[in-house]
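Notes follow once the structure below has been shown.
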Amino acid sequence: MALYSEIVMDHFTHPRNVGVIEDADGVGQVGNAKCGDIMKIYLKIEKDIIVDVKFETFGCGSAIASSSMATEMIKGKPISEALQLTNKAVAEALDGLPAHKLHCSVLAEEAIKSALKDYYDRNGIAYDKSQFPDCDNCVHCHG
Amino acid sequence: MQVYADNAATTKISSHALQAMMPCFEKFYGNPSSLHTAGQEAKEVLEDARARVAACLGCEPREIIFTSGGSEADNQAIISAAYYGARKGKKHIISTAFEHHAVLHTLNRLEKEGFEVTLLDVKNGHNVTAEQVRDAIREDTCLVTCMYANNEIGSVLPVAQIGTVCKAAGVPFHTDAVQAAGHLHIDVKAQNIDLLSLSGHKFHGPKGVGALYVRRGFPLTNVIEGGAQERGKRAGTENLPAICGMAAALEDACAHMEENNAKVTAMRDRLIEGLSKIPHCALNGDPVNRLPGNVSFCFEGIEGEALLLLLDMKGICASSGSACTSGSLDPSHVLLAIGRVHDVAHGSLRLSLSHCNTDEEVDHILAEVPQVVQTLRDMSPVWRDLQKGEREYIL
């Protein structure tokens, strides 16, 4: 049996939405090079709709696939919906991840939330802080 | 093109070894401990294999104990020397920071039992010296255990000099020669080695079999208790097919060592030269005293598991010391021991060659690796920051 599902391998080898949005409305980066995963998400937002999204990832196959899948899942969606995206949904959409790789889907969720938080901060939009995880204290890197 | 470049992990069994195994299944299937003819025939085959392994190491047949592999041999050697030392009130062990886990985890266990362990740091980022060993030896040192050659980065240790230092100090010397046996010349007497571990499948023999050389008179502690096999030092019916396959493979490897090494070293050097042209990379391990087949690099800005997966899709089987390939969060202890910081240790690649590889395969690796590294760098935020000057290059 292969380590990863066919969907993971497809998104890893043909990642969707790789790149940078130079004039992004929100940018989020989570993880650090010490742990071996960094995800960076760029959002273009118009009228509360995510009209474009790009990502860059330093990390393993499942990190790249999780980023790719997560960006596909929020593209064209309203912010309110993107905020509901869970790591579980990302992992399920990928047809599962090995247990020790589940943190990759967590990073994808956090990267998107971090980019949305940046959008709120830039535009002075009030938000409920509890909606956003504090990556700097996550057990994955800091446990 | 399919390229198997992970020979430090395991090797393809040679037809010579396979042929040596077959009669043990079909003809010499008796138990060497049995009194009857079938048993005694098997016993003869077993002792013949022992003599052939001994001849390859420069020792007597009775100094060879067959084990289930390199890990068991390492465990038994270290535990034996430790307990022997403890009986004389000596409970200090010297080893290196880049040993295999079969050694390091055994040492951890002994530490819990009250032994003190000194791990030598890897000087210059690629090797240890006999002087370091000499300086670390104390009155209560009961064992020096230093690998013959490192499995990840290929550094070949100055084993003969370490042996001289240990002999002068009267301290037993064990070497984990799993990566060296069949690839480098070993003479346990000339090199003053008291205990040596090897594993059959690293030199085109079968898996699940290894050997421990124990200098005559050195008291062994049993790790596996039971019957009186292996002069009562290692219980369990001998795995005769595997033992015969290992003996044949080792003999074959030693007989063709010079020509194999010339071929493999040339391929290795071509790979090192070619891959060194990739910007912001670094060769890991000793550039001079190096295993013939080992190529180990760190590439900045990428992660090793992704690298391995993409190379696998190009038909290249390789290995990495990244955290993601180990299932833990830390990259390999070997890369950390030689001073690679986490950020770049995650981006490591090991290619390990054997005489079964070809120049065409080397060409394929040289064509694919730079492309795959670039593909991953192109989607890496770390690489972008490095390129934009927002992060400083380490390599």
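As the structure is a computational prediction, the values presented were derived from the model and not from experiment. Order of the sequence lines fixes the chain letters, A, B, ..., with proteins taken first and strands second; residue numbering starts at 1 for each chain.
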| said: Checking B:Ser352 against B:Asn7: is there a side-chain donor and acceptor pair closer than 3.5 Å? | reply: no
| request: Select one option (side chain, backbone, both, neither) describing which atoms of B:Arg377 are under 4.5 Å from chain A's heavy atoms. | output: neither
| query | Is chain B contacted by the side chain of A:Ser62, its backbone, both, or neither, given a heavy-atom distance below 4.5 Å? | reply | backbone
| query | Where does B:Asp312 contact chain A at under 4.5 Å (heavy atoms): side chain, backbone, both or neither? | reply | neither
| message | Using side-chain hydrogen bond (donor to acceptor under 3.5 Å, both in side chains), reason through A:Glu110 and A:Ser114 one step at a time and then give a plain yes or no. | response | CA-CA 6 Å; A:Glu110 290 178 353; A:Ser114 168; over 6 Å; no
| query | Any side-chain donor-acceptor pair under 3.5 Å between A:Ser66 and A:Ser105? | reply | no
| Between A:Thr13, A:Ile38, A:Val18, which has the largest tally of heavy atom pairs under 4.5 Å with chain B? | A:Ile38
| remark: Ranked by heavy-atom pairs below 4.5 Å to chain A, first place among B:Val341, B:Val344, B:Asp343 goes to B:Asp343
| message | Please classify the contact of A:Pro98 with chain B as side chain, backbone, both or neither, using a heavy-atom distance under 4.5 Å. | response | neither
| query | So B:His333 and B:His101, would you call those rings parallel, tilted or perpendicular, with 30° and 60° as cut-offs? | reply | tilted
| Distance-only, no hydrogens or angles: does the B:Ser155 side chain make a donor-acceptor pair with backbone N or O of B:His126 under 3.5 Å? | yes
| task | Any chance you could measure A:Leu85, atom CG, to A:Met73, atom CE, to the nearest 0.5 Å? | result | 5.0 Å
| task | Could you look at A:Ile64 and say if it's the side chain, the backbone, both or neither that has a heavy atom under 4.5 Å from chain B? | result | side chain
| remark: The interface call for B:Leu310 against chain A, heavy-atom contacts under 4.5 Å, is both
